[in-house]
Amino acid sequence: MQPQGPILTIVGARPNFMKAAPIHRAFEAAGIEHHIIHTGQHYDDAMSKVFFDDLGMPKPVEYLGVGSGSHAEQTAAVMVGLEKVFLARKPALVNVVGDVNSTMAAAIVAAKLQIPVAHTEAGLRSRDWSMPEEVNRAVTDVLSDLLLTPSADADENLLAEGKPKERIVRVGNVMIDTLFMNLERAKLKDVPKELKLEHGQYSVVTLHRPSNVDDKETFVRISDVLLEIAERLPVVFPVHPRTRKQMESFGLLARWEGHPNVRLVEPLGYVEFLSLTSRARLVLTDSGGLQEETTALGIPCLTLRENTERPITVEQGTNVVVGTDPNRIRDEAKKAMSDEKRTSRVPDLWDGKTSQRIVGAISAFLRTRA
Ligand code: UD1
């Protein structure tokens with residue numbers, strides 16, 4: 001049965017694109033009208049367009065071009081833009097993904113227009129309220145009619161917050177659909193070779209969290225230990241625009257660029273990045289998604305944060321939360337570089353079929369309201 005009106009999935013920033021791509025494909029396969037709306041929170045080609053091309057996503061039917069700004073400015077601009085879009089397109093349901101400012105902004109607008117909201121990746125909690133994403137996650141989940149979760153810990157968090165059981169559907173991790181779908185293509189590319197690196201003989205670093213890169217003392221401390229690790233294992237560092245700006249202003253860029261074992265590169269496309277991470281010895285990151293991707297790939301990951309909203313990657317996967325203490329980072333890197341392998345397994349329902357389950361859950365939800 002066709003819902004009364006289209007289903008809209010809202011994307012804004014880089015980590016949203018790999019979640020929306022399989023969802024769009026699954027709605028298309030089911031013959032249900034589905035469109036992607038891009039708020040333009042990320043706007044550089046390297047942070048946005050390359051993913052649409054790489055992941056075979058259709059052009060968004062609307063692009064709001066909100067760009068950067070303070071949190072309030074960015075969130076407000078997304079809200080103003082989306083209100084017009086929702087009024088004009090009259091969606092049967094708005095699907096939001098992840099935890100960026102666009103996610104929360106879309107949920108608020110839809111809820112106030114009394115349009116049902118589904119949240120893909122609901123229930124994750126770091127319990128660290130200094131993280132903008134934690135605010136986005138909690139607000140989005142309060143407003144969502146359908147809470148689509150990736151793992152059992154997420155269900156438990158939602159139930160503990162008093163969310164009704166019937167709103168929660170565990171669907172698995174949709175980002176892993178994209179990973180499995182593209183792994184073969186990624187293996188056909190040899191990005192390590194292009195960078196003159198041997199498979200299994202390098203690390204990949206990504207950093208962009210304000211808590212790591214906006215404070216000079218912290219960023220210098222992290223840089224020192226990462227450059228020390230680079231003495232023993234070459235490192236590839238695709239640099240996020242926020243991070244590059246801070247490296248420049250803290251005088252760190254020359255140190256990184258001048259190191260013979262460091263490859264400082266622009267942000268990479270999805271397939272190129274996967275080509276790199278899937279053959280790495282070790283990943284050091286403060287990203288959320290990369291903690292999950294390394295767990296799915298069985299690649300050791302050190303998370304340079306004090307906490308994670310994705311504890312399953314530590315309990316079952318390859319992730320170790322090391323914070324920003326240089327001694328801890330050094331010790332855990334040593335362990336990961338040794339031959340002794342931690343046992344890990346890919347969590348249940350991270351099986352490449354999450355997008356189909358999302359379509360099933362949203363369709364069932366809309367039938368109950370028809
Ligand atoms: C955002 C998300 C974060 C996600 C990350 C992935 C929020 C609160 N944060 O953080 O959860 O992990 O995306 O990348 O939504 N910039 C550019 N070009 C771009 C985008 C950003 O130059 O295409 C620069 C701007 O100077 C901007 C800064 O990077 O001020 C930060 O961008 P912003 O979207 O505010 O947050 P991210 O750090 O990217």
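Residues: numbered from 1 along the sequence shown. Just so you know, ligand 1 is whichever comes first in the structure, and atom 1 is the first atom listed for that ligand.
Summarising the local packing, CE of M47 is surrounded by more than 12 heavy atoms from other residues, nucleotides or ligands at distances under 6.0 Å. Environment of NZ in K193: sparse, with no more than 12 heavy atoms of neighbouring residues, nucleotides or ligands closer than 6.0 Å.
When heavy-atom distances to ligand 1 are checked against a 4.0 Å cut-off, H42 comes that close through both its backbone and its side chain.
When only interatomic distances are considered, the shortest N/O to N/O separation between Q41 and ligand 1 falls below 3.5 Å. Note: no N/O pair closer than 3.5 Å links N136 and ligand 1 by distance alone.
Every atom of ligand 1 with a heavy atom of E133 under 4.0 Å away is listed here by number and element: 2 (C), 3 (C), 9 (N), 11 (O). Less than 4.0 angstrom separates some heavy atom of P15 from each of these atoms of ligand 1: 4 (C), 6 (C). Of all atoms in ligand 1, listed by their number and element, those nearer than 4.0 Å to a heavy atom of K245 are 25 (C), 26 (O). The atoms of ligand 1 that sit less than 4.0 Å from any heavy atom of H71 are 8 (C).
Counted by atom type alone, R221 and T324 present one or more donor-acceptor pairs between their side chains at under 3.5 Å.
For atom 18 (N) of ligand 1, the nearest protein heavy atom (residue, atom name, distance) is D44 OD2, 3.0 Å. Nearest protein heavy-atom neighbour of atom 16 (N) of ligand 1: Y43 OH, 3.5 Å. Of all protein heavy atoms, the one closest to atom 2 (C) of ligand 1 is V100 CG1, 3.7 Å. Atom 22 (O) of ligand 1 has its closest protein heavy atom at P241 CB, 3.2 Å. Atom 8 (C) of ligand 1 has N101 OD1, 3.3 Å as its closest protein atom, hydrogens excluded (heavy atom only). From the protein, the heavy atom lying nearest to atom 4 (C) of ligand 1 is H208 NE2, 3.7 Å.
Around atom 31 (C) of ligand 1, the closest heavy atom drawn from R242, M47, E73 belongs to R242. When the options A13, S68, G40 are ranked by their closest heavy atom to atom 30 (O) of ligand 1, first place goes to S68.
A salt bridge links E266 and R244; the closest N-O separation between the charged side-chain nitrogens and carboxylate oxygens is under 4.0 Å.
L302 and L304 make their closest contact through O-CD1, 3.5 Å (heavy atoms, listed as atom of the first residue, atom of the second, distance). Closest approach of L159 to K165, counting heavy atoms only: CD2-CA, 4.0 Å.
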Derivation of the salt bridge (charged side-chain N to carboxylate O under 4.0 Å, His left out) call for R328 and E332: CA-CA 6 Å; R328 184 90 209 278; E332 289 296 340; 3.6 Å; yes
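In this structure, the ring of H38 has its center less than 6.0 angstrom from the ring center of F52.
Taking the six-membered ring where the residue is Trp, F219 and F250 present perpendicular rings, their angle passing 60° and hence far from 30°.
With N157 as the partner, the side-chain hydrogen bond (donor to acceptor under 3.5 Å, both in side chains) test is satisfied by one option alone out of E309, R127, K163: R127.
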